[in-house]
Amino acid sequence: MKHVLVAVAWPYANGPLHLGHMAGCYLPADIFARYHRLKGNQVLMVSGSDMHGTPIMVTAQQEGAEPEEVALRYHEINSRSMEQMGISFDLFTHTHTPEHQAVVHEIIGRLDDAGYIEPRTTTAPYDPKAGQFLPDRYVEGTCPHCSSTGARGDQCDSCGKTLDADELIDPHPKLNPEVALEFRETEHLFFRLSAFREKLLEWLAEGKEHWKSNVLNFTRNWLEEGLVDRAVTRDLEWGIPVPRDGYEDKRIYVWFEAVMGYFSASRHWAQLQGDDEAWRKWWDDPEAEHRYFMAKDNIPFHTIIWPAMLLGCGLKLPHDVPANEYLLLDSAQFSKSRRHAVWIPDYLERYDPEALRYYLAAVMPEQKDTSFTWEDYVTRVNTELIGNLGNLLHRVISFAQKNFPDGLHADECSLPELRDRAAEAHAKMDVALAACKFKRGLAAMLELSQATNAALNEAAPWKLLKQDRAACEVQLVGFLNICRALSIMMLPYMPRTGETAWQYLGLSGTPQEVGWDAVLDGENDFTLQRPKPLFAKLDLQKVLEKEMPPNELHELKPEISFNDFKKLDIRVGTVTGVEKHPDADKLWLLEVDFGGPTRRLVTGLRGIYEADELQGRQIAVLVNLERTKFRGVESGGMLLAAESGKVVSLLQPDQQVENGSRIH
RNA sequence: GCCGGGGUGGCGUAGUUGGCAGCGCGUCGGACUCAUAAUCCGAAGGUCGCGGGUUCAAACCCCGCCCCCGGCACCA
């Protein structure tokens, strides 16, 4: 019996969860946790909502609400999604709790005692009118290198050099250009991340054979490039207070405290159990294993920053960080702002969570990005989940129940070969699940189901029934035992379905109690219940009708007046020249003829349109947009294009018109 | 440009100590009728991105190149 900590990345509480979140970390973590529980190991699975991110403040501002209100709202929504999807957290909390705050303060104290936290005085841009410090990117001024006027406090777009805000000449707040900025001294706490480079390299040097190569490579690369000490406090109001005099107006930077949630949630869970020390079984036991589940964007936080903190206070390091790649939607990344997403709450309104668990496990982005499409979802659910697995259970149980309503009995196993196949599949699954290879585990189970379908056709109990009823009964017990095995084996993937099948089989207790190692134990007696199909078949046409109409009128922007519209000067022009931007890979420089002198446009269409596709083409351009420079080159307008998922398509008049023609 | 991942039959994919290239969907033919028009059997279909090299043997190792995806730089 082992103690296994299943730690899952903390979702930002600024929006609902989508399929990518599920496939990326919550489902794999849950499959893993359920597998270990079935094995009889002690699992502690924790996560929660990250309440303090800047995106939440932005969302709150947009909605005119308080950050806490927004965060709690999404925390509730996401907690419910987790529950409905059957993600079996021992605790799904959030970072805006007294328990989390207490642990964060404790960890900072431990790091501080060990000499890894130090205050440093820096100068930062301060807006005297607003009475607050400003983030560098909200500061504008004249670039000391190229004298361009629109340089930001973090970088000058004109010459591309990175800057500090205090290098700018005549700095002012971007949002209030008339205010003269001051630079005031401000003290912040820094985490001496750089002190951990050697220790982290040592840690990564051995015993990491089971790590995914991308995780390991990515991490080593980061370390090679060197670690920079990072500020862990910020001049903000939303976040965890800093336990130090003089820091009353500051908060702990979210990247620093959110990862501590793994530890705080373990402790919080223990308190809720009524045993404040219960967490130690996972954190103090040298044999305990910690696994962290997340998508690839989170790798450095879990392989460098959090481990550094763990080293700094002498806590247990991750055993594995099996980060996934991304699940894409129709080959393009999920995106909240582009409304390119399938949200979990929307999915759950119409479809079966267990079918989604099946499908996402089958296409899980374990080695590389994979795609969700509704067509593929319907196909795989109908053919693999229902046709192969669901139908097998249904055909065996319903046939046996119909013909032997009073029960079946056999003294020995009538299908030794098939039982061997089951043993083989069980062993394969065991290896795969222990190594977090969930697609492989699922495939092993379906192979068994497929082989059982074949054996059933071969044995043809519906024929035998008429010739030798007793022999048929014995044979059916053999098949029912395979169904029994499958109903346990499917539990990590589809827990509710496994339980339902168990009930139809008329077996006592729950399959969870019986456990993983009892998969091959055979029963001699079955008294079945009349089964109903385990899954509902999907109709592709109907699904597409529901899901495909673009949600055009969702999230409509606020209404504007005709006068507002008249402010836009949109013209037709002809592209007369196309060149590459000298310093940027994604930008074209277009010369466009509007009937007078040509204008230069900088546009991000490189990679979408080839030069010869643009040359000579008429396009629609917003020409009175404020001029900005893109990596040093000024753009005289914005090209209009339609965007749908991955497709970007230029607008053009459907017949040749005079250059400079207005669009209205 | 830098970093990471990937290019395998129409589509989606497996293949980590180099040893006859597997699987699912789709297609075609057949079997069966217990089952959710489901299941099973068989067939067609692959220069394993390209070019070199190492080896008795390369999808796998080495070198060079091309293309795709993501991150950064950046941008919509």
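To find a chain, count down the sequence lines: A is the first, B the second, and so on, and within it residues start at 1.
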Sugar-phosphate only, base, or nothing, as touched by A/L534 at under 4.0 Å among non-hydrogen atoms: base
Partner set under side-chain hydrogen bond (donor to acceptor under 3.5 Å, both in side chains) for [X], not counting sequence neighbours:
X	result
A/Q503	none
A/R571	A/D569
A/N324	A/K212

Pair listing, side-chain hydrogen bond (donor to acceptor under 3.5 Å, both in side chains) test, anchored in residues 292-305 of chain A, at least two apart: A/T219-A/T303, A/Y262-A/H302, A/Y292-A/W306, A/K296-A/E325, A/K296-A/D369
All pairs passing side-chain hydrogen bond (donor to acceptor under 3.5 Å, both in side chains) where residues 441-452 of chain A contributes a residue, at least two apart: A/N388-A/S449, A/K428-A/E447
For A/D430, all residues meeting salt bridge (Lys or Arg N to Asp or Glu O under 4.0 Å), sequence neighbours excluded: A/K39
Pick the [atom1] atom in [N] and in [M], then give their distance to the nearest Å.
N	M	atom1	answer
B/G7	B/C65	C1'	14 Å
B/C69	B/G51	C1'	24 Å
B/G52	B/U27	P	39 Å
B/C23	B/G9	C1'	12 Å

Can you measure [X] atom [atom1] to [N] atom [atom2] for me and round it to whole angstrom units?
X	N	atom1	atom2	result
A/Y326	B/G71	OH	P	7 Å
A/I304	B/G71	CD1	P	19 Å
A/D369	B/G7	CG	P	12 Å
A/H394	B/U36	NE2	C1'	7 Å
A/W211	B/G4	CH2	P	17 Å
A/K428	B/C23	NZ	P	11 Å

Kindly give the atom pairs (protein nitrogen or oxygen, nucleotide nitrogen or oxygen) under 3.5 Å for nucleotides 9-12 of chain B.
none

Centroid under 5.5 Å and tilt under 30°, A/F399 to B/C34: no
Members of residues 447-460 of chain A that approach RNA chain B, where some heavy atom sits under 4.0 Å away: A/Q450, A/N453, A/A454, A/N457
Grab the N/O contacts between the protein and nucleotides 15-17 of chain B below 3.5 Å, and write none if there aren't any.
| residue | atom | partner | partner atom | Å |
| --- | --- | --- | --- | --- |
| B/G15 | OP1 | A/R440 | NH2 | 3.0 |
| B/U16 | O4 | A/K437 | NZ | 2.3 |

Solution key, residues 461-479 of chain A side-chain donor-acceptor pairs under 3.5 Å, sequence neighbours excluded:
| residue | atom | partner | partner atom | Å |
| --- | --- | --- | --- | --- |
| A/D468 | OD1 | A/A470 | N | 3.3 |
| A/D468 | OD1 | A/A471 | N | 3.0 |
| A/R469 | NH1 | A/N403 | O | 3.4 |
| A/R469 | NH2 | A/N403 | O | 3.0 |
| A/E473 | OE2 | A/H409 | N | 2.7 |

Dot-bracket line, read 5' to 3' along RNA chain B, where crossing pairs take [ ] and | marks a partner on another strand, Watson-Crick or G-U under 3.5 Å: (((((((..((((.....[..)))).(((((.......))))).....(((((..]....))))))))))))....
A/Y359 side chain to A/E354 side chain, donor-acceptor N/O pair below 3.5 angstrom: no
Salt bridge (charged side-chain N to carboxylate O under 4.0 Å, His left out) partners of residues 384-396 of chain A, not counting sequence neighbours, each pair once: A/R380-A/E384
